[in-house]
Amino acid sequence: MSKKSVLVIGGGAAGMMAAIFAAENGAAVTLLEPNERLGKKLNITGKGRCNVTNNAPMEELLQNTPRNGKFLYSAFSHFDGRDAMAFFEGLGVPLKTERGNRVFPVSDRSFDISAALERRLKSLHVRLVRDRAVRLCMDGEAVTGAQGEQQVYPAQAVILATGGVSYPATGSTGEGHRMAASVGHTITPLQGSLVPLREQGNTCAAMQGLSLRNVTLTAFENDKKVFRELGELVFTHFGVSGPLALSASAHMRRFDKKRYHLEIDLKPGLDEAQLDRRLLSDFEKYCNHDFCNALNDLLPQKMIPQMIAASGIDPHCKVNAVTREQRKELIRLFKHWPIPIAGLRPVTDAIITSGGVKVSEVNPTTMESKVVKGLYFAGEILDVDAYTGGFNLQIAWATGRAAGIAASGGEN
């Protein structure tokens, strides 16, 4: 009996996973990837360290997937964060769990993950072709393969795993969405998620390059708190970036209808009473100095002029002349530093894409299209996305596995 032929379009995280599981299930697999290297985007995740997954059970994975999380119930129930860890350790990559259950290779090298996947593809005799798919080949309502720039690739099943539209230099150009739309799929609006934020005004720009560690960032939609976390952020020429800003952005999706702003607690380790005592102590130390020279022990240099301007206190007023009311306002600013947000940076600056193939048109158990027979989807091309912490790669692994098994004729 001849093997079932499966064509996987896209050699990123989801595509490699789909190819591996299809081949393990006995299919003859061809993997189409135009880039020189497989896993180009995978290799730059987690600042090159690769946050492989999150060491979490299914329920927690779903909680961290705000966009169509329920669609992933079946995929995650068969392959959660711990299953992903076992899979990669089985491929010879030792892993470690860090803060927030984030999982990384012990080596801190993302290339160890992509290299392990490549070795497995090779051992399973997956045929790797450097070509770009340009359209799907159809016979009525069934897919029969794909047309590449170089030739036609016939197949009994096709898995589209072409990613989103973020980081276009890695090959995420939206071609997969175009191909899916051309055969009748609905593509929900594409925008950035886990993306830097643009400020309203230029306060952040005045502090460009300043990185704040161990601060608490709170994000508000209108006046409702939608995100709060301790960590690091960076001021840029356009607003804010860094892990906290990227995480907060996932909660900011309705700029057409809602207002958003951030507040930074610059001293999360101190409550207001403790901070007041600390201020009084510093003011005593600098009692004969100008106010502008009294904040050096509490704030980074780049932030002092902004804090003084926001407080409304005369920079050349003597410290011993600062009133109790002025001190109270200063404490409020330390605990609730405001940043009004004008919008998101372009999707090309995003880590992942929000939006994609409408999930109601896809079988959540098999990842097969309900519109086209024999067509499957995996990874970021789907309209699902999650917060930072390894959750988006976990979506790639779990949907890639489900699509690979189903496309090869196997059962989960």
Side-chain angles (χ1 to χ4, degrees), residues 12-14 17 41-42 45-47 49-88 95-104 113 163-164 166 188 191-197 216-221 224-233 242-254 260 262 344 350-356 359 362 364 367 377-402:
M17 200 69 161
K41 186 175 174 185
L42 179 63
T45 61
K47 295 179 182 172
R49 296 175 64 217
C50 191
N51 186 179
V52 186
T53 184
N54 194 282
N55 187 352
M58 179 191 70
E59 296 76 17
E60 211 173 306
L61 296 176
L62 293 171
Q63 283 164 16
N64 283 278
T65 310
R67 183 84 171 177
N68 295 322
K70 283 180 185 170
F71 171 79
L72 297 166
Y73 185 91
S74 175
F76 282 165
S77 65
H78 287 102
F79 199 78
D80 65 14
R82 287 153 193 185
D83 294 320
M85 291 176 72
F87 172 82
F88 283 104
L95 302 174
K96 59 182 176 180
T97 301
E98 295 186 1
R99 183 178 61 82
N101 283 331
R102 289 167 164 86
V103 177
F104 294 89
I113 296 294
S166 58
T188 62
Q191 63 178 47
S193 185
L194 308 184
V195 62
L197 298 166
T216 298
L217 185 72
T218 307
F220 295 87
E221 184 179 78
K224 182 188 169 194
K225 190 188 296 178
V226 291
F227 170 83
R228 182 178 171 84
E229 201 171 287
L230 176 78
E232 181 184 345
L233 62 79
L244 286 179
L246 298 179
S247 295
S249 74
H251 302 260
M252 300 178 169
R253 297 172 184 264
R254 304 170 69 193
Y260 293 96
L262 306 175
L344 306 173
I351 290 178
I352 57 158
T353 306
S354 176
V359 295
V362 180
M367 299 296 144
F377 299 99
E380 204 180 334
I381 190 172
L382 289 158
D383 182 16
V384 286
D385 63 86
Y387 301 143
T388 55
F391 300 107
N392 287 291
L393 270 180
Q394 179 58 34
I395 292 172
W397 309 136
T399 57
R401 174 189 175 276

Given side chains that start at C-beta, do those of [X] and [Y] come closer than 4.5 Å, heavy atoms only?
X: Pro196; Y: Leu246; value: yes
X: Arg401; Y: Phe87; value: no
X: Thr97; Y: Met85; value: yes
X: Thr53; Y: Phe88; value: no

Checklist entry - Pick from Glu60, Glu98, Arg82, Lys96: which one makes a side-chain contact (heavy atoms from CB on, under 4.5 Å) with Asn55? => result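 Result: among Glu60, Glu98, Arg82, Lys96, Arg82 is the only option passing the side-chain contact (heavy atoms from CB on, under 4.5 Å) with Asn55.
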Item to check | Stepwise side chain to side chain contact (heavy atoms under 4.5 Å, CB included) test for Thr388 and Arg102 | outcome: CA-CA 9 Å; Thr388 55; Arg102 289 167 164 86; 3.7 Å; yes
Closest contact, heavy atoms only, [X] versus [Y]:
X: Glu229; Y: Leu244; value: O-CD2, 3.5 Å
X: Ala219; Y: Leu262; value: CB-CD2, 3.7 Å
X: Phe76; Y: Met58; value: CB-CG, 3.6 Å
X: Leu344; Y: Leu197; value: CD2-CD2, 3.5 Å
X: Pro66; Y: Ala386; value: CD-CA, 3.8 Å
X: Ile113; Y: Cys50; value: CG1-SG, 4.0 Å

Determine yes or no for a side-chain-to-main-chain donor-acceptor pair under 3.5 angstrom, with [X] supplying the side chain and [Y] the backbone.
X: Glu380; Y: Thr353; result: yes
X: Asn54; Y: Gly100; result: yes
X: Asp385; Y: Tyr387; result: no
X: Ser249; Y: Ser193; result: no
X: Thr399; Y: Gly379; result: yes
X: Trp397; Y: Val52; result: yes
X: Thr188; Y: Gly356; result: yes

When rounded to the nearest 0.5 angstrom, what is the spacing between [atom1] in [X] and [atom2] in [Y]?
X: Leu61; Y: Asp80; atom1: CG; atom2: CG; value: 6.0 Å
X: Phe391; Y: Leu62; atom1: CZ; atom2: CG; value: 10.5 Å
X: Arg99; Y: Leu230; atom1: CZ; atom2: CG; value: 7.0 Å

Checklist entry - Do the rings of His251 and Phe227 sit parallel, tilted or perpendicular, given the 30° and 60° boundaries? => result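 Answer is tilted, since the angle falls between 30° and 60°.
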Checklist entry - After noting the C-alpha distance and the side-chain angles of Ser354 and Gln191, does the key distance pass the side chain to side chain donor-acceptor pair (under 3.5 Å) rule? => result CA-CA 5 Å; Ser354 176; Gln191 63 178 47; 4.8 Å; no
Next on the checklist: Run Leu194 and Asn392 through side chain to side chain contact (heavy atoms under 4.5 Å, CB included) and show every step you take.
Outcome noted: CA-CA 10 Å; Leu194 308 184; Asn392 287 291; 3.4 Å; yes
Checklist entry - Can you list the steps and then say if Leu72 with Val359 is a side chain to side chain contact (heavy atoms under 4.5 Å, CB included)? => result CA-CA 10 Å; Leu72 297 166; Val359 295; over 6 Å; no
Item to check | Worked verdict on Val226 versus Phe220 for side chain to side chain contact (heavy atoms under 4.5 Å, CB included) | outcome: CA-CA 6 Å; Val226 291; Phe220 295 87; 5.9 Å; no
